[in-house]
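Below: the structure, in structure tokens.
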Amino acid sequence: MLEYCHSSKAGNHGDVLKHILWKLLLTEKQNETNGLLIVDTHAGNGRYVISSSSAQKGDQEEVFYYCKGARSGIAKVFEQQQKDQKDNANETHSVVRDYLRVVLQVHAKYCCTDNDQEKIILSKTKISLLSLYPGSPLLTQIAGRPCEEHVFFEMNESHYQDLKEVLKDFNHSSTKIHNQNGLEMGPAAIQQNTSAGKECLCLIDPPYETDDECQEVLTAVGQILRTNSCVSLMIWIPSFVNNHPRNELFLDLLSSLKSLTASMMSICSTLLISLQISNKGMNGSHVFIINPPSKFHSILESSQTLPWLAQTLEQDAGCSSYNIDYQ
């Protein structure tokens, strides 16, 4: 078991890669079409506390610190961005800045006074520590447009209730939240809502708590593409070092996804993005994108986002690497 928990892992290096790419994918898909159906099969509860404090004795001030997951991801990205800004360097690339702008927007909305919010979003006020991290539903809602329909699935009852409360703040009338298994129900929702020609973007990001989820992902992707081969899908997959017992499982999933899409002549293109930042355990992650928007690949390449991320997120000296495989 991977024993993945959104609340303890939120903002880790896997989340950072996934959400940077998801934000860019949303933007480019929105540039190509007006009406869009967006489906998230594993929505979580929307936002996560990523910092805490330790009580001090006497008159000593509280010490604030990032939780373990965030220390490996968003904390490094945010601190490097702050450093680049202080040095007047233009090293934090536009794709990363667009993502950080949403992260700051969530921090400002829930953790600051109204007077501070605009300054923080415009980066005119320095923040020493982020308190909240947005999950994919918040990224989607903040970037969303009135002409879109958003469908979120969350099987955990507690997370489902939390997500409903969080998304009330955004008041998107075309948002639907289901307390169901997204891998089982997502394909039917896509078939029902794209029958009239509406384009669709779908995020598949399971916790991979059991080995069976890999086959469930493959089955769901096959069902979606056989229903509508033009759907744009983004699948997040963890990466492990070679001697890890689950490494072969996820490599097999990647191989099976490649074989599936290669067998379907109507698939326009696929893009596999891999980022490794450590030489231990879960050493990075993969993002497999089916039918990416036309400019997505060139923007990702020209922005130099991945080399910047590899350097910024590196945990063990000399071990970071990235790869883009466009087919």
Side-chain angles (χ1 to χ4, degrees), residues 1-12 14-16 18-20 22-23 26 37-53 64-75 78 99-114 117 120 129-144 148-186 189 201-210 213 216 234 236 238:
M1 298 181 91
L2 189 57
E3 295 182 353
Y4 186 88
C5 175
H6 262 124
S7 57
S8 63
K9 303 290 186 182
N12 70 1
D15 270 356
V16 167
K18 173 180 61 186
H19 290 148
I20 285 175
W22 179 244
K23 176 64 175 66
L26 276 169
L37 168 69
I38 301 173
V39 177
D40 190 334
T41 63
H42 297 78
N45 62 13
R47 66 184 184 210
Y48 307 93
V49 176
I50 58 169
S51 60
S52 187
S53 63
F64 290 87
Y65 58 91
Y66 281 111
C67 300
K68 183 178 179 180
R71 287 200 299 271
S72 76
I74 184 58
F78 182 64
Y99 153 77
L100 284 174
R101 191 173 292 113
V102 178
V103 175
L104 287 171
Q105 198 170 336
V106 171
H107 176 90
K109 180 178 180 64
Y110 295 105
C111 305
C112 304
T113 65
D114 290 341
Q117 287 187 23
I120 288 173
L129 199 76
L130 292 168
S131 300
L132 290 176
Y133 185 79
S136 50
L138 271 189
L139 288 169
T140 300
Q141 293 273 282
I142 289 171
E148 295 172 350
E149 182 174 355
H150 300 169
V151 180
F152 301 112
F153 291 94
E154 176 48 52
M155 196 162 57
N156 181 286
E157 173 67 25
S158 175
H159 293 170
Y160 163 71
Q161 296 297 338
D162 289 344
L163 182 62
K164 287 201 300 182
E165 287 301 311
V166 169
L167 296 189
K168 280 182 181 179
D169 293 338
F170 294 87
N171 197 29
H172 279 273
S173 59
S174 56
T175 296
K176 298 177 182 176
I177 310 169
H178 302 290
N179 186 204
Q180 296 172 323
N181 185 328
L183 292 177
E184 291 181 0
M185 305 305 297
L201 176 61
C202 176
L203 173 63
I204 297 178
D205 170 31
Y208 296 106
E209 292 176 333
T210 67
E213 283 180 286
E216 291 170 6
M234 178 172 143
W236 179 84

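The figures here come from the full heavy-atom set of this structure, side chains too, leaving out hydrogens, waters and symmetry mates. What you see is a predicted model; the values in this text were computed from it and never measured.
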[atom1]/[X] to [atom2]/[Y] distance, rounded to the nearest 0.5 angstrom?
X	Y	atom1	atom2	answer
Ile50	Tyr133	CD1	OH	8.0 Å
Glu148	Thr140	CD	OG1	9.0 Å
His107	Arg47	NE2	CZ	13.0 Å
Met185	Met155	CE	CE	12.5 Å
Gln161	Asn156	CD	CG	10.0 Å

Which atom names give the shortest non-hydrogen contact between [X] and [Y], and what distance separates them?
X	Y	answer
Ala189	Leu37	O-CD2, 4.3 Å
Leu139	Leu26	O-CD1, 4.2 Å
Ala10	Tyr48	CB-CB, 3.4 Å
Pro134	His19	O-CE1, 3.8 Å
Phe78	Tyr66	CD2-OH, 3.9 Å
Thr175	Gln141	OG1-NE2, 3.0 Å

Is a donor on one side and an acceptor on the other found under 3.5 Å between the side chain of Ser51 and the backbone of Leu130? yes

Minimum side-chain heavy-atom gap [X]-[Y] below 4.5 Å:
X	Y	value
Ile20	Leu100	no
Lys109	Phe170	yes
Leu167	His150	no
Glu154	Asn45	no
Asp15	Lys18	yes
Leu163	Phe153	no
Glu213	Thr210	yes

Which residues share a salt bridge (Lys or Arg N to Asp or Glu O under 4.0 Å) with Lys164, sequence neighbours left out: none

Contacts of Glu165 meeting salt bridge (Lys or Arg N to Asp or Glu O under 4.0 Å) (sequence neighbours excluded), chain-then-number -> Lys168

I'd like to check the ring pair (Phe, Tyr, Trp, His ring centres under 6.0 Å) partners of Phe152; sequence neighbours left out, ordered by chain and number. none

For [X], side-chain hydrogen bond (donor to acceptor under 3.5 Å, both in side chains) partners two or more places apart:
X	answer
Asn181	none
Tyr160	none
Glu216	none

In a check of side chain to side chain donor-acceptor pair (under 3.5 Å) between Ser136 and each of Thr41, Asp205, Asp40, which one passes? Asp40

Applying side chain to side chain contact (heavy atoms under 4.5 Å, CB included), run through Val39 and Leu201 and close with a yes or a no. CA-CA 6 Å; Val39 177; Leu201 176 61; over 6 Å; no

